[in-house]
Each structure stands twice: as structure tokens, then as C-alpha cells.
Amino acid sequence: MARHHDTIEILVTARHLEAQGIRPTTRMLRLALGGGSNAAIAQALAVEELTPLEELIRRRRDQLDLDITNARRALAELEAEQARLDELDDSLTALDRA
């Protein structure tokens, strides 16, 4: 099964090839990446024509920051729920001793 490569990874690989004086083709990128879908690679190359790679990286970074913030919020809510359950368990244990 072919490994999935995201758009940014494909475009960075293309930039590396360009820096070596090689005009990257879909087949060449697939070889450089060690596999992948020709359609996904072609789509990534088309995306860069509309949105520069640096902008894609910035957007992805912003999305990751948001995902991390949301994950931290969810973790805090889970920890609060866990603390509440610990308090309830402690109160139940105290009742059993009384």
C-alpha cells in the first residue's frame, strides 16, 4: 500500500529537487518520496500554483496551534471530572466508615 504524503511534504520535496536544478515531475516526486499517489502529487503541485508553500505551512501551523489549545482544554475538563469523581469516591468512603 502506498504511503500517504501530505501536500506540504510533497511541495518541500519538490523545492529540494528544484534547488538541485531538477524540474520535479510527478513521477520524480513519487520516487523521491518513496511512493505515493500520482493524483495526490499532481494535486499538491496544482495547489502551490494557487497558494504559496510558505502560506500552507503558516496555515497548518495555525491549525496545529488551535488543535493543541483544544486538546489542552479537553484535558483540563477530563482532569476536573476525574477530580470530581475522586471527591465523590472519598465522600462515599467516609460514609462507609461512619
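Remember, predicted model here, so these are calculated numbers, not experimental data. Side chains are part of it too, since the values below use all heavy atoms of this structure and drop only hydrogens, waters and symmetry mates.
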Identify all side-chain donor-acceptor contacts of residues 87-98 below 3.5 Å with residues at least two apart in sequence or on another chain.
| unit_1 | atom_1 | unit_2 | atom_2 | d |
| --- | --- | --- | --- | --- |
| S91 | OG | L88 | O | 2.8 |
| T93 | OG1 | D89 | O | 2.9 |

Are L31 and L45 connected in a single hydrophobic cluster, I mean Ile/Leu/Val/Met/Phe/Trp/Tyr linked by side-chain heavy atoms less than 4.5 Å apart? no
So if you build clusters from Ile, Leu, Val, Met, Phe, Trp, Tyr with side-chain heavy-atom gaps below 4.5 Å, do V12 and I22 land together? yes
Approximate separation, where rounding is to 0.5 Å, of D62 CG and D67 CG: 11.0 Å
When rounded to the nearest 0.5 angstrom, what is the spacing between CG in D6 and CD1 in I10? 7.0 Å
Sorted by chain and number, sequence neighbours left out, salt bridge (Lys or Arg N to Asp or Glu O under 4.0 Å) with R23 holds for none
Can you name the residues that form a salt bridge (Lys or Arg N to Asp or Glu O under 4.0 Å) with E81, not counting sequence neighbours? R84
Pair E48 + R15: basic N to acidic O under 4.0 Å: yes
Does D65 pair with R61 as a salt bridge, N-O distance under 4.0 Å? no
Could you tell me if the side chain of R30 sits less than 4.5 Å from the side chain of T26, heavy atoms only? no
Report yes if the side chains of E77 and R73 come closer than 4.5 Å at any heavy-atom pair, otherwise no. yes
In N38, L17, L11, the residue satisfying side chain to side chain contact (heavy atoms under 4.5 Å, CB included) with L29 is L17
Is a side-chain N or O of H5 found less than 3.5 angstrom from the main chain of I41, in a donor-acceptor match? no
Within a radius of less than 6.0 Å around CD of E18, do more than 12 heavy atoms belonging to other residues, nucleotides or ligands occur? yes
Is a donor from one side chain sitting under 3.5 angstrom from an acceptor on the other, for Q82 and D86? no
